[in-house]
Every structure is written in C-alpha cells, then in structure tokens.
K.L.:
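This is the structure I want to talk about, given as structure tokens.
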Protein chains: 2
Amino acid sequence: MDFEKENSAGYLVNHMARLFAKELQHRIAPLGIVVGQFPILLELWLKDGVTQKDLLGKIDVEQATLANTLNRMERDGLIRRTKSPTDARAQLIWLTEKASGLRDSAYEAALNVNADALQVLSEPERAQFMRYMRLVISGMRSD
Amino acid sequence: MDFEKENSAGYLVNHMARLFAKELQHRIAPLGIVVGQFPILLELWLKDGVTQKDLLGKIDVEQATLANTLNRMERDGLIRRTKSPTDARAQLIWLTEKASGLRDSAYEAALNVNADALQVLSEPERAQFMRYMRLVISGMRSD
DNA sequence: TACACTTGAATAGCTAGCTATGCAATATTA
DNA sequence: TAATATTGCATAGCTAGCTATTCAAGTGTA
C-alpha cells in the first residue's frame with residue numbers, strides 16, 4: 001500500500017489551515033487580537049450583550065474552548081461581562097470600546113488574507129473552491 | 001463593510017481542518033497514536049534511523065513542535081533514539097516494533113477519512129479540489 | 001414542597017501548534 | 001589554534017483546540 005501525503009486531502013487541509021492561521025495571526029497582531037478570538041469578535045460585532053450559550057450556538061467550537069478564549073479576551077480588555085438579569089448562572093458578554101473600534105481593521109485584515117491566499121485561482125475557480133469546502137464541511141458535520 | 005464567515009475562505013479552511021483532524025483522531029485512537037504523530041510516522045515508515053533535522057526537512061512544522069511530538073512518541077513507545085555516530089548533537093530516530101506494525105492500519109484509516117470526507121464530490125471535482133488546495137498552499141508558502 | 005433532572009459555565013488535563021531563547025557540539029576563519 | 005559563527009536540539013511559555021468532569025442554578029414533577 002502506498003501513501004503520498006501530497007495526495008492526502010487531510011494533509012493538505014491541515015497544512016493550508018496552518019498557513020491561513022499564521023497569515024491572519026501576522027496581520028491582526030498589530031490590533032492586539034489573536035486568531036482564536038476572531039470568530040467570537042465577528043459575532044459580537046454583529047450583536048453583543050449575549051450569553052456564552054448564545055455565542056456557542058453560532059461558533060463551531062466546544063464549550064470549553066469558548067470559555068477559555070473568553071477568559072483571555074476579558075484578561076486582554078476586549079470584553080467585559082455582566083450578570084444576566086434572568087439567569088444567575090449566565091453572564092452577558094459585551095465588547096469594550098477598544099474591541100468595538102477594531103472592527104473595520106480586522107475585517108480588512110481577514111478579507112486581505114482571503115484575497116491574497118486565493119489570488120492563485122481565477123474568479124470561477126475561487127467560487128468552485130468555496131463551494132467544495134462548504135460541501136465537504138456539511139458532509140462531515142452530518143456524520 | 002460586511003463579513004460573512006461562510007464566505008470567508010479562512011474560516012472554512014479552519015473549520016474543515018478541525019473536522020478532518022477530529023475524524024482521523026477518532027479512527028486512529030484504537031491504534032494508540034494521535035494526529036500530530038501521523039506525518040512523522042509517515043516519514044519513518046518510509047525510512048527510519050534519521051535525525052530530527054532530516055525529518056524536519058520533510059515535515060512542514062516548526063522544529064520545536066517536532067521536538068515535542070518526538071518526545072511524546074518516545075514516551076509512548078513509538079520511537080527510540082540512538083546517538084548519531086557522526087555528530088554528538090544529533091540522535092538517530094528509530095521506530096519501535098510496535099510502531100512499525102501499525103503502518104497498514106494507519107494508512108487505511110487515513111485513506112478512509114479522505115475518501116469519506118470527499119465522497120460528497122464527484123471524481124473530477126475531487127481532483128479539482130486537490131489541485132486548488134495545492135495551488136493555494138504553494139502560493140501561500142512562497143510569500 | 002422536596003427531590004431529581006437539566007443546563008450554563010468553569011475547570012482540569014491533555015495534544016498540537018507557534019515564537020523566542022538557550023546551550024553544547026561542530027565548523028569556520030583570523 | 002584560539003576565537004567566532006553556525007547548527008542540532010531542547011526548553012519555556014504561550015494560544016487554540018479537544019474530552020471529561022464538576023458545580024451551582026434553574027426546571028419539572030411525584
């Protein structure tokens with residue numbers, strides 16, 4: 001039997017993900033944020049004052065991962081938390097001024113990473129590529 | 001400005017990579033190995049008795065990451081190390097019997113993950129998808 | 001109402017990745 | 001050959017992800 005990693009989808013996917021992460025990391029570092037915080041910020045920029053559970057429903061990550069990342073974000077002055085008025089177990093998560101102000105630069109950084117990474121593909125190829133990824137993801141999630 | 005994560009290549013790539021890793025993890029756990037060890041084992045199954053530096057040249061990971069993973073592999077009885085006869089700083093890395101014996105089952109597990117993940121795509125689509133990933137990777141590496 | 005069940009979140013403990021730094025052995029060069 | 005530079009590897013310390021477990025607060029029910 002043979003196994004050539006360049007012909008292994010999993011190997012390529014992993015490698016590509018690390019390159020994307022490294023590139024995004026590099027571009028958002030000046031903003032004082034890190035990659036794991038990105039999806040959370042994306043949600044909070046749309047709507048804050050939500051509970052951890054609300055966030056969890058929108059972000060594809062385990063609850064423990066989210067809780068840890070939120071702790072680091074609080075430590076770093078990106079969010080603050082207030083008691084939920086309706087449930088003593090829950091807290092509402094709010095962006096700080098600092099974090100709110102980063103939105104446009106962060107969007108831009110991420111859009112640039114994506115554009116640069118996909119620049120080797122033509123426009124229709126890019127669309128195909130995105131479509132393939134969405135298909136693979138939804139196939140894998142439904143197992 | 002708008003940012004929809006389902007339209008972000010980086011977001012999809014990251015998500016897909018975690019699904020692949022989780023699936024592979026799940027299938028190789030019975031063999032007593034974990035995902036980070038996989039690329040190293042692939043190389044060692046081809047040829048062992050090599051130095052860390054040799055391995056580093058073939059695996060796309062930082063030196064420190066490799067060193068840590070090798071330590072865990074030694075702890076887990078997958079490799080052993082002998083002094084290099086030519087360089088007192090280096091060691092030669094050898095597979096144990098246990099690790100050698102895992103090769104075929106591990107190949108099979110990985111091939112199955114890939115096949116299952118890509119089953120939502122037709123054969124020509126799969127080929128395109130792989131081609132796109134290789135293009136994106138080589139584009140990103142050459143920056 | 002008391003007790004059991006469920007749920008929101010935190011914590012422990014692990015792998016895998018990274019950067020930065022240290023250190024001893026080898027190579028190079030003045 | 002002595003001083004310097006380079007190299008092979010290890011270590012420290014961080015983020016990001018995971019599973020498993022715990023715990024307190026809410027919910028439902030006998």
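As the structure is a computational prediction, the values presented were derived from the model and not from experiment. Chain letters run A, B, ... following the sequence lines, proteins first, then strands; residues in each count from 1.
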K.L.:
Does B/R81 make a side-chain N or O approach to OP1 or OP2 of D/dA10 shorter than 4.0 Å?
P.N.:
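Result: yes.
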K.L.:
Write down the distance between CD1 (B/I33) and P (C/dT15), rounded to a whole number of angstrom.
P.N.:
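Rounded to whole Å, this separation is 14 Å.
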K.L.:
Which whole-number value in Å describes the distance from A/E23 CD to C/dT19 P?
P.N.:
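A/E23 atom CD is separated from C/dT19 atom P by 12 Å.
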K.L.:
Using the test side-chain contact (heavy atoms from CB on, under 4.5 Å), find all partners of B/L56 that sit at least two apart in sequence or belong to another chain.
P.N.:
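Only B/Q63, B/L66 meet the side-chain contact (heavy atoms from CB on, under 4.5 Å) criterion with B/L56.
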K.L.:
In the hydrophobic clustering (ILVMFWY, side-chain contacts below 4.5 Å, transitive), which residues join B/W94, or is it alone?
P.N.:
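Once heavy-atom contacts under 4.5 Å are chained together, B/W94 belongs with B/L92.
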K.L.:
What residues in residues 71-78 of chain A put a non-hydrogen atom under 4.0 Å from any atom of DNA chain D?
P.N.:
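Those residues are A/R72, A/R75.
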K.L.:
Indicate the atoms forming the closest heavy-atom contact of B/L31 with B/S105, along with that distance.
P.N.:
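Residues B/L31 and B/S105, closest heavy atoms: CD2-CB, 3.8 Å.
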K.L.:
Within a strict 4.5 Å, meaning less than it, do heavy atoms of the A/I93 and A/T51 side chains meet?
P.N.:
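SC-SC contact between A/I93 and A/T51 ruled out.
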K.L.:
Looking at CH2 of B/W45 and OH of B/Y107, how far apart are the two atoms once the value is rounded to the nearest 0.5 Å?
P.N.:
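OH of B/Y107 is found 6.5 Å from CH2 of B/W45.
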K.L.:
If you compare all heavy atoms of A/R126 against all heavy atoms of A/L121, which two are closest, and at what distance to 0.1 Å?
P.N.:
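So the minimum-distance heavy-atom pair works out to NH2-O, 2.8 Å.
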K.L.:
Does B/Q91 have a side-chain nitrogen or oxygen under 4.0 Å from the phosphate oxygens OP1 or OP2 of D/dA10?
P.N.:
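Checking D/dA10 against B/Q91, a side-chain N or O does come within under 4.0 Å of OP1 or OP2.
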K.L.:
For DNA chain D, find the residues of residues 61-70 of chain B with a heavy-atom distance under 4.0 Å and give them by number; none if there aren't any.
P.N.:
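The answer is B/Q63, B/A64, B/A67, B/N68.
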K.L.:
In whole Å, I'd like the distance from the NZ atom of A/K83 to the C1' atom of C/dA9.
P.N.:
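Atom-to-atom, A/K83 to C/dA9, this comes out as 12 Å.
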K.L.:
Can you tell me how far the CD1 atom of A/I33 sits from the CZ atom of A/R27, to the nearest 0.5 Å?
P.N.:
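Rounded to the nearest 0.5 Å, the CD1-CZ separation comes out at 13.5 Å.
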K.L.:
Quiz question: by atom type and distance under 3.5 Å, do the side chains of B/R72 and B/N68 form a donor-acceptor pair?
P.N.:
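Not at all, the side chains of B/R72 and B/N68 share no donor-acceptor pair under 3.5 Å.
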K.L.:
What integer distance in Å separates A/N14:CG from C/dA16:C1'?
P.N.:
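About 9 Å, once rounded to whole Å.
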K.L.:
Take atom CZ of A/R18 and atom P of C/dT19, then tell me their distance rounded to the nearest Å.
P.N.:
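Roughly 11 Å, once rounded to whole Å.
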K.L.:
Please tabulate the protein-to-nucleotide N/O contacts below 3.5 Å involving nucleotides 26-29 of chain C, giving atom names and distances.
P.N.:
unit_1 : atom_1 : unit_2 : atom_2 : d
C/dT26 : OP1    : B/A88  : N      : 2.8

K.L.:
For B/A21 and B/V35, work out which heavy atoms get closest and say how close.
P.N.:
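Result for this residue pair: O-CG1, 3.6 Å.
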K.L.:
Between A/L92 (CG) and C/dG8 (C1'), how many Å, whole number?
P.N.:
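Taking CG of A/L92 and C1' of C/dG8, I get 13 Å after rounding.
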K.L.:
Determine whether A/L102 and A/L41 make a side-chain contact, defined as any pair of heavy atoms from C-beta on separated by less than 4.5 Å.
P.N.:
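Result no, sub-4.5 Å side-chain heavy-atom pair not found.
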K.L.:
Go through residues 47-58 of chain B and report each residue with a non-hydrogen atom lying under 4.0 Å from DNA chain C, sorted by number.
P.N.:
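Contacting residues: none.
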K.L.:
Working to the nearest 0.5 Å, report the span between NZ of B/K53 and CG of B/D87.
P.N.:
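CG of B/D87 is found 9.5 Å from NZ of B/K53.
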K.L.:
Distance check needed: D/dT15 P versus A/L24 CG, whole Å only.
P.N.:
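Value for this atom pair: 16 Å.
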K.L.:
Output the rounded distance in Å from CD1 (A/I59) to P (D/dA16).
P.N.:
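Nearest whole value for this atom pair: 12 Å.
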K.L.:
As an exercise, state the distance from CG of A/L19 to CE of B/M140, rounded to the nearest 0.5 Å.
P.N.:
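Answer rounded to 0.5 Å: 5.5 Å.
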K.L.:
Identify, between A/K22 and B/Q25, the residue whose nearest nucleotide on DNA chain C lies closer to the 5' end.
P.N.:
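Taking each residue's closest nucleotide, the earlier one in sequence belongs to B/Q25.
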K.L.:
Can you give me the closest heavy-atom contact between A/A17 and B/V13, atom names plus distance?
P.N.:
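In this case the closest contact between A/A17 and B/V13 is CA-CG1, 3.3 Å.
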K.L.:
Would you name the heavy atoms of A/A9 and B/L118 that are closest together and state the gap between them?
P.N.:
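Minimum heavy-atom separation between A/A9 and B/L118: CB-CD1, 3.9 Å.
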